[in-house]
Asker: 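Pasting in a structure now, in structure tokens, and then I'll have a few things to ask.
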Amino acid sequence: MRIFMFTWVRISPNSWRGYPHPKDNPTVLADGPNPHKVILAGSGIVIGYGVASHELALGGSFARALTAQTQRGAEVTTITAPGFSVPRARKQLTSRLLGDADMVVLSFGTFEILTLMSPRRWGAQLETLVASVLQRSAPHTQVFLVDCNTPKMSSFAAAYQRRIGQTAAGFNEQLAATAHAHDRVHRVEFRPVAEDAENIEGRSRYQEWAASLIPDVVAHLPLDSTGG
């Protein structure tokens, strides 16, 4: 299945790989005092398919939504690439990158679900990544795990669509267990309406997604992290 999905992603007219995605400076600033420093790492929605800059993608939308809720500035650095995986993230999320981060937001699993990876195997990878992030970051850093989701994939057989739904549920069970097992690690529930990849609508969609992520994030920040 993995080889098939690699091929589909690269050649299908319904694949997201043909869409533009940001290749500019991955750090976005939202004006305000005492800015939070955020590392946003992942695949899927993090990549920014359909827009040309990180200002318009999830990173910029997240920065502005966070500032609106906390009355503090935000500096969001997006770490992503097509095909970005949990093991690859473990190598890239170094102590130098994480050392002064206030929060690390991780969103992975889309491609692994589509290839029907075992949830237990993926969960073990996620646990290793989270342990690494905790070790390499400061004691005050909060880590957020965003629920796994996938495109609708309506051009595929109904049986396959059911399988990816079951696999996604298994991934989120693993994610929840990892969050529960660690202090400073929190699950972010994320339940967007499933749509086909070709229905990405650009900036407005990333604004919607960021707005849905922010409440769980802000709820787990220390009280002195907000301006309220």
Side-chain angles (χ1 to χ4, degrees), residues 1-19 21 40-50 57-58 62 80-89 105-130 144-181 185-202 204-217:
M1 191 67 196
R2 187 173 182 82
I3 294 174
F4 171 78
M5 284 307 304
F6 268 121
T7 303
W8 182 87
V9 162
R10 283 162 175 74
I11 69 174
S12 172
N14 295 321
S15 169
W16 51 87
R17 283 288 179 91
Y19 280 64
H21 62 87
L40 171 64
S43 55
I45 64 171
V46 179
I47 295 174
Y49 286 119
L58 188 64
F62 188 92
T80 190
F84 197 49
S85 65
V86 170
R88 186 173 163 188
V105 181
L106 304 175
S107 179
F108 288 93
T110 299
F111 188 75
E112 291 84 353
I113 291 171
L114 296 178
T115 60
L116 304 179
M117 178 185 282
S118 160
R120 183 170 296 181
R121 178 185 173 194
W122 184 82
Q125 293 180 352
L126 181 66
E127 170 62 32
T128 300
L129 172 60
V130 167
F144 297 93
L145 308 180
V146 178
D147 276 353
C148 303
N149 288 273
T150 65
K152 192 173 182 179
M153 309 300 286
S154 61
S155 62
F156 284 70
Y160 172 71
Q161 293 180 50
R162 287 193 296 271
R163 284 288 305 278
I164 63 175
Q166 293 164 358
T167 303
F171 273 43
N172 285 327
E173 288 176 3
Q174 295 289 322
L175 182 150
T178 296
H180 183 73
V185 180
H186 317 284
R187 178 183 183 181
V188 177
E189 295 191 14
F190 183 53
R191 295 286 187 271
V193 176
E195 294 183 298
D196 289 309
E198 59 266 32
N199 291 330
I200 294 175
E201 296 177 357
S204 63
R205 188 55 44 86
Y206 291 106
Q207 291 172 333
E208 292 173 12
W209 290 341
S212 71
L213 297 176
I214 287 297
D216 274 355
V217 171

Asker: How would you list, by chain and number, every residue that makes a side-chain hydrogen bond (donor to acceptor under 3.5 Å, both in side chains) with Arg88, sequence neighbours excluded?
Answerer: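 Scan of Arg88 (side-chain hydrogen bond (donor to acceptor under 3.5 Å, both in side chains), adjacent residues dropped) gives Gln92.
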Asker: Mind checking whether Phe84 and Phe111 have ring centres under 6.0 Å apart?
Answerer: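 No - the distance between ring centres of Phe84 and Phe111 does not fall below the 6.0 Å cut-off.
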Asker: Measuring from atom CE of Met117 to atom CD of Gln125, what distance do you get when rounded to the nearest 0.5 angstrom?
Answerer: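 The distance works out to 4.5 Å.
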Asker: Does Thr110 offer a backbone N or O that forms a donor-acceptor pair with the side chain of Thr150 under 3.5 Å?
Answerer: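 Here the side-chain-to-backbone pair does not exist.
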Asker: Measuring from Phe62:CZ to Leu213:CG, what's the distance to the nearest 0.5 Å?
Answerer: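 Here the interatomic distance stands at 6.5 Å.
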Asker: On a heavy-atom basis, which atom in Val46 and which in Leu40 lie closest, and how many Å separate them?
Answerer: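 Looking at all heavy atoms of both residues, the closest pair is CG1-CG, 4.0 Å.
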Asker: Test of understanding: with ring-ring contact (aromatic ring centres under 6.0 Å, His included), list the residues that count as partners of Phe171, not counting sequence neighbours.
Answerer: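 Residues passing ring-ring contact (aromatic ring centres under 6.0 Å, His included) with Phe171: Trp122.
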Asker: How long is the gap from OG on Ser118 to CD on Gln174, to the nearest 0.5 Å?
Answerer: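 Those atoms lie 7.5 Å apart.
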Asker: For the side chain of Tyr160 and the backbone of Leu114, is there at least one donor-acceptor N/O pair under 3.5 Å apart?
Answerer: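 It does hold such a pair.
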Asker: Residues in side-chain hydrogen bond (donor to acceptor under 3.5 Å, both in side chains) with Glu127, at least two apart?
Answerer: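 Applying side-chain hydrogen bond (donor to acceptor under 3.5 Å, both in side chains) to Glu127 gives His182.
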Asker: Mind listing the closest non-hydrogen atom pair of Trp209 and Pro192 along with its distance?
Answerer: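 Looking at all heavy atoms of both residues, the closest pair is NE1-CB, 3.7 Å.
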Asker: Indicate the atoms forming the closest heavy-atom contact of Cys148 with Gly109, along with that distance.
Answerer: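 Shortest heavy-atom separation between Cys148 and Gly109 comes out as SG-CA, 4.4 Å.
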Asker: Report the C-alpha distance between Arg163 and Leu116 in whole Å, list the side-chain angles of each, state the deciding distance to 0.1 Å, and finish with yes or no for side-chain contact (heavy atoms from CB on, under 4.5 Å).
Answerer: CA-CA 8 Å; Arg163 284 288 305 278; Leu116 304 179; 3.7 Å; yes
Asker: Nearest 0.5 Å, please: how far is CG in Asp216 from NE2 in His186?
Answerer: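 Result: 10.5 Å between the selected atoms.
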Asker: Applying the side-chain contact (heavy atoms from CB on, under 4.5 Å) test to Leu145, which of Val105, Val130, Leu129 qualifies?
Answerer: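 Of the listed residues Val105, Val130, Leu129, the side-chain contact (heavy atoms from CB on, under 4.5 Å) partner of Leu145 is Val130.
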Asker: Applying salt bridge (Lys or Arg N to Asp or Glu O under 4.0 Å), can you list everything that pairs with Arg191, at least two apart in sequence or on another chain?
Answerer: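 Arg191 satisfies salt bridge (Lys or Arg N to Asp or Glu O under 4.0 Å) with Asp147 once adjacent residues are dropped.
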Asker: Under the side chain to side chain contact (heavy atoms under 4.5 Å, CB included) rule, collect the residues that match up with Ala168, sequence neighbours excluded.
Answerer: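 Ala168 satisfies side chain to side chain contact (heavy atoms under 4.5 Å, CB included) with Ile113 only.
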Asker: List in chain and number order the residues that pass side chain to side chain contact (heavy atoms under 4.5 Å, CB included) with Ser212, two or more places apart in sequence or in another chain; answer none if no residue qualifies.
Answerer: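 With sequence neighbours excluded, Ser212 shows a side chain to side chain contact (heavy atoms under 4.5 Å, CB included) to Phe190, given in chain and number order.
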Asker: What is the minimum heavy-atom distance between Ile47 and Ala81, and which atoms define it?
Answerer: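 Looking at all heavy atoms of both residues, the shortest contact is CD1-O, 3.7 Å.
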Asker: How far does OG1 of Thr167 sit from CG of Asn172, to the nearest 0.5 angstrom?
Answerer: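 Between atom OG1 of Thr167 and atom CG of Asn172 there are 11.0 Å.
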